[in-house]
Structures are given as C-alpha cells and as structure tokens.
Amino acid sequence: MKLMENTAIAKFFWDISKLLEMKDENRFRIRSYQKAAQTVESYPEDIEDIYRTKGIKGLEEIPGIGESLSRKIEEIIKRGKPLIMKELYTKTPPGLLEMTDIRGIGPKFALQAYKNLNISSVDQLEKAARSGKLKTLEGVKDKKIGNIIKGIDLYRKKSSSFYLGKVLPFAEAIVNDLERSKLAGRLLICGSLRRMKETIGDIDILAASPSPKKLTDYFVNLKQVKDVIAKGNTKTSVLLKNGMNCDLRVVDGRSFGSAAHYFTGSKQHNIKLRTIAGKRGLKLNEYGVFSGNKKIAGKTEEEVFKAFKLPYIPPEIREDTGELEAAAKNKLPDLVKISDIRGDLHVHSNYTDGSTTIEEMALSAKKLGYEYIAITDHSASTRVAGGLSIKELLNQMKEIDKINKKIKGIRILKGSEVDIRPDGSLDFPDEILKQLDIVIISVHSNFNMDEAAMTKRIIKALENKYSTILAHPTGRLLSSRDPYRVDIEKIIKAAARTGTALELNAHPERLDLNDVHCKLAKQNGVMIAINTDSHAPVHLEYMRYGIGTAGRGWIEKKDVLNCLWLKMLLRGLNGRR
DNA sequence: GCCGTTTTCGGCCCGACTGTTTTCAGTCG
C-alpha cells in the first residue's frame, strides 16, 4: 500500500523552500529544495518504492537529492512529514504558505504582513487590503493594494481545468489574431504548451517584430484580454477572460532562436544548459549565446544547441530528465511524429455511442492519410454506452466486410472495446474474440476496488491471449476523475510478459498513459498504441495530443503499434495468438 | 543543500517588470 505519492513529497519541499525564504536563509539552500521538489514531482519512478527497495542509498542516486534530503524523504515516508516542518512552523503559521499562492505575493510579503499586522490567512489579508489597514506596512501604497485585491479575486476563482487539449486551440486562436495584425514577422507558442505538458499554467507567445510597441498595444487590446498585469518594452503579461495568464515576449529576429529556447523552458532545462555554458566560458540568455561580448549563436534554436556541440533537442523532452546528457552522447530519441501514424486503433461508431457511421469514420480517417482504422465499439456490459450483444457485434462485422469491399484506400479492422469484468474475465467469449482483428480491453465499472484487486483484475485480462491493447490504463479523466487505484508498474510488467500493447489514449481529457508511464513502458519493452477513442470524425484530430504526450515519454516510431504498416501489424497480432 | 573536466570547498542561470524608491528588493518565469 502506497503511503506517499511523489507529488506529496514534492509539496513538502516546496513548502520548506518558502518557509526558508521567510527566514532569509541562504538562497542556494532554498534553491536546493526547489530543485528537489521539481525533480521529485516529475520523477518517472515512485520515490517511496525506491526508498523501500534501495533505501537511503537509492534516494541519493537521484540528481539533486543528497544525504540531507534523502533523510527528509525517509522522515516523510515514515512519519508523514519531515521534522524540519515542525520547527519552521513555530515561527510561521501554515496560512502564510497559502498566501504565497496569490499572484504577486511571495514569502517576504507574507511574513511582513504577519509580523506587523498578524495576518495569517487569505481572508485576513483581503480584509486588511479592503479596509486600508495594509497601507500601514512599509512600502505599500494604493497600487500594490489594488494588485493584491485583484490577485485574491483571481486566486478564489482559479480553475484548475486548464488542459493541453483546451488551451492549445485557444492559444492558436490568439496567435492567429496576432498574425492578422501584420506586426509580427514570426510568432511561436512557447512554454509548457510547446512542451505539450498535460496541464498548462499559462500561455507564452514569442514574437519577432520590428515594431514591438505597436504589437504589444495590439496584443493588450485583443478581445480575449481582460486585464493588463505588466507591460514593458519587450515583455507583456495579461490576464485573459478565461482566467489564464498570457505572456507576450517580443524580440529582434536575430535573437528568435535563443529567445524561443529560453521561453520554451523548462526552467530546469534552461538552468542546466546555462550551467554548461558557464563551464565552457560561454553565456546563454534569451538574446543569444555569447563568448565574451561576441554573440556566437541565437538566430535559430538549432544554432543555439550547436554552439554547445549538441544536436537539436525537441521541446517535449526539455525537462532536465537526461535529455542534455543523451544529446551529448548523440543518443537522443527520434521521437514519434504525427506523420508516422498509419492508423487509429480505437474508434467508435453509431453502433454504440459514436455519432456517425462506420463508413463516415473510415473516410475521415482516410483523409488524414491513414492506412487503417479499427472500429471498436463497446461490449454488452457497458450499458451506458449501448454496448453490443454478440449478435449485434457479428452483424457489425458483416457490415465492415461490405464497406471494406466498397471503399478503397483504407482498411477497416474489426474490433471491440471489451469490458474487463470485476473478476478479470472479458465480456465476450474467446470464440467471438478470435474473430476480431483488434481486441481492446478496458475497465468501465467498479472503479473503487482496492489497488491489489484492481491490479489482479487487469493482469488477468492482459493474460487472455486475444487481448491486443489495454485502453486508458488508469482510467483518469483530467477534469473530473482521479485514476483508479492500480499498480501501474505491475501492469506494465504484465503487458511486457504477455506481449500486450498499452494504449496512450489521446483524448484531451484522458492522455492515459501519461508521459511518465510511457517512459516506463518503453523501458520495459512494451508497445504503445496511440489512439483517439474517437466518437465523431473531428475527434480523430486528437491524435496530436497523444503524439505530444508520447514525445514527452521519449517514445519513438518503433515503440508505437499503430506506426506499423497494416501487413506488419496483422502479422504481429496473429503471432500472439 | 548539492556537487565535482574548478572534485570535499566554494561555487551555485539570467533577465524583465513593478512599485516603491532615487538605487533596489521582491516576484516571476
């Protein structure tokens, strides 16, 4: 039974870093905690597992985690929290940490408000701001108070449902609007969006423009903009009507590459590369790579990497999780591209809960250049989706034969999304399953089983020799449902052992497997199927979110089931049975 | 607090913007 998730351990480190900042501690000690928090948060393996199997020594192998932080992780796992927290909280109540979640308020201000006015919660802060009491603090005047009130407003409304699939189209619309102004030579979405992270904090847009002032004026007057937070010569920050922040950075075209690199991040990646720069007597910033006062690179990102004798590193993997080391050894993965995808293996029709006919879905897939598509409607037990009976499934198979004869240029594979029953058996008997090309297995009921039971249930289903792909392996929905409790490492190992593929469901609400699990699956030699789970033709375009997530998981073309040509795919599927 | 092609001490990425100041600390990314 898992007690402490990586994110929970990371939260302690974030909190400690803020509390140390209030104490005016050595800023490098503070940064150590921040770095550790970031590392732990995105670490591909379970930190608690590492501790349980390899102990303190195992923890110390994690970059940025030394002896002291390893001990603290041990305390967190053993006692629920690190001892240092107790000591830190004697001087600063927990409410101060919450206050620092408000934009523009950091540890220093929170502490000042607490020491002078005994403010230790967001509510008290708001009262003091509105009553004018805050003005008695040194260095606080009307403007600052206005900003604090705005920040609290935003904090209260803060929606956490900013997901890649929602934000990317929205950001692209802003870029289109900026393009129409004809004031920018080049425009590029950067930040976590460009790195295709599943959740997005804010939108970062980079522009090259000969008239920065005109462009920023145009930007702050866009219809999507609600409020201007900061507006300078090169950097403008606004609050959008949807509650997100959007930053526009304008540079000279000659610095576009280095600015794109800087603005894309991740922060940890940038820090690492800048450290490497320092060691080589170079300096890297958003304006270029400099040797003394001489600029030696900056026009393109390729040029920037080349200045460090490195190949181009794709944005998706710029997370300081080994990409710079891999690049130095010329061992970067050749990430899967959308043009590598030969077909979509998880598609619904109006036989169950899809919106349209098999033929229409197939023709839409053909337009995308696919060679095949698998129709995988639900099985009988998934009643909410109008699951098919055996008889209905057999009828559907006959219709697919007919359509395959009728339309050319795309092959429709016969499939089913077969429910995994609570006992791990499948919803259709083997003599039916063996007539299908693709058997997708998935959990749609009894989400609340304990971890051991759920893991056993899924592994049993993986062991059925007709199972092709385990769909959305953790069942999470980004805006509404946590993953069910399952030991994903055991699932991955079982998939490797049985030769079953795991799905990376590209639906924007799912992205399941996630990036970290993809990387783990690859390390275990498991094939990934990147599918859209389309219920309408337009959903087929969700593929790009799956490709982005796969890229973050270092997935290559050779790791992806539906990058295989039809002939090879069918040969592989039959080989398993 | 971490780390080592500067290796057990002495470094630790770099810059923009704000609000308040007259030179800068705090915050952010």
Side-chain angles (χ1 to χ4, degrees), chain A residues 13 16-18 20-22 24-39 59-73 82 84 99-113 134-135 137-148 150-151 190-195 200-206 212 216 228-238 245-251 255 258-259 261-290 320 324 328:
Chain A
F13 287 162
I16 293 170
S17 82
K18 285 180 185 172
L20 291 176
E21 249 179 288
M22 292 179 195
D24 239 343
E25 255 285 350
N26 177 305
R27 63 198 170 99
F28 298 109
R29 187 179 172 211
I30 293 164
R31 191 186 294 159
S32 295
Y33 279 96
Q34 292 168 343
K35 187 173 190 287
Q38 250 153 348
T39 302
L59 295 176
E60 283 182 25
E61 282 168 23
I62 301 168
I65 308 286
E67 197 190 332
S68 169
L69 289 177
S70 293
R71 291 280 165 215
K72 288 186 176 67
I73 292 175
I84 189 178
M99 282 161 59
T100 64
D101 288 338
I102 295 163
R103 188 189 64 216
I105 293 184
K108 291 285 159 63
F109 183 86
L111 186 68
Q112 189 194 5
L134 268 191
K135 257 195 264 189
L137 290 179
E138 196 189 329
V140 176
K141 292 230 159 68
D142 288 342
K143 232 171 180 171
K144 177 123 188 156
I145 293 201
N147 284 340
I148 288 172
K150 268 190 207 170
C190 294
S192 52
L193 266 177
R194 185 160 178 242
R195 304 199 314 278
I200 304 297
D202 52 21
I203 297 172
D204 300 310
I205 298 170
L206 175 67
T216 44
V228 180
I229 298 163
K231 190 162 176 277
N233 290 329
T234 68
K235 194 177 151 182
T236 305
S237 193
V238 300
N245 269 28
C246 180
D247 291 352
L248 176 70
R249 185 83 191 247
V250 189
V251 298
S255 295
S258 42
H261 177 265
Y262 150 76
F263 214 21
T264 297
S266 66
K267 188 174 173 170
Q268 290 306 118
H269 169 94
N270 287 353
I271 289 173
K272 178 71 82 67
L273 192 57
R274 284 174 174 184
T275 308
I276 292 172
K279 280 178 186 157
R280 297 191 189 174
L282 301 173
K283 191 175 81 166
L284 170 65
N285 59 27
E286 54 264 58
Y287 302 108
V289 184
F290 298 86
D320 189 24
L324 284 161

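Note that these values count all heavy atoms, side chains included, but never hydrogens, waters or copies made by symmetry. Note on naming: letters A, B, ... go to the chains in the order of the sequence lines (proteins, then strands), and numbering restarts at 1 for each one.
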List in chain and number order the residues that pass salt bridge (Lys or Arg N to Asp or Glu O under 4.0 Å) with [X], two or more places apart in sequence or in another chain; answer none if no residue qualifies.
| X | answer |
| --- | --- |
| A:K150 | A:D227 |
| A:D204 | none |
| A:K72 | none |

Under the rule for side chain to side chain donor-acceptor pair (under 3.5 Å), what residues qualify as partners of [X], not counting sequence neighbours?
| X | result |
| --- | --- |
| A:K235 | none |
| A:T100 | A:K18 |
| A:K231 | A:D217 |
| A:E25 | A:R29 |

Subject >> Base partner of B:dC14, which must satisfy Watson-Crick or wobble distances under 3.5 Å >> reply: B:dG29
Original post:
Do any side-chain nitrogens or oxygens of A:N147 fall under 4.0 Å of OP1 or OP2 in B:dG19?
Top reply: yes
Subject >> Distance test, side-chain N/O of A:K279 to OP1/OP2 of B:dG4, below 4.0 Å >> reply: no
Between protein and nucleotides 24-27 of chain B, what N or O pairs are separated by less than 3.5 Å?
from	atom 1	to	atom 2	distance (Å)
B:dT27	OP1	A:G106	N	2.8
B:dT27	OP1	A:G106	O	3.2
B:dT27	OP1	A:F109	N	3.0
B:dT27	OP2	A:K108	N	3.4

Could you give the [atom1]-to-[atom2] distance, from [X] to [N], as a whole number of Å?
| X | N | atom1 | atom2 | result |
| --- | --- | --- | --- | --- |
| A:N245 | B:dT18 | CG | P | 14 Å |
| A:I145 | B:dT18 | CD1 | P | 19 Å |
| A:I229 | B:dA16 | CD1 | P | 19 Å |

With 3.5 Å as the limit, what N/O pairs link the protein to nucleotides 21-23 of chain B?
from	atom 1	to	atom 2	distance (Å)
B:dT21	OP1	A:K141	NZ	3.0
B:dT21	OP2	A:K141	NZ	3.3

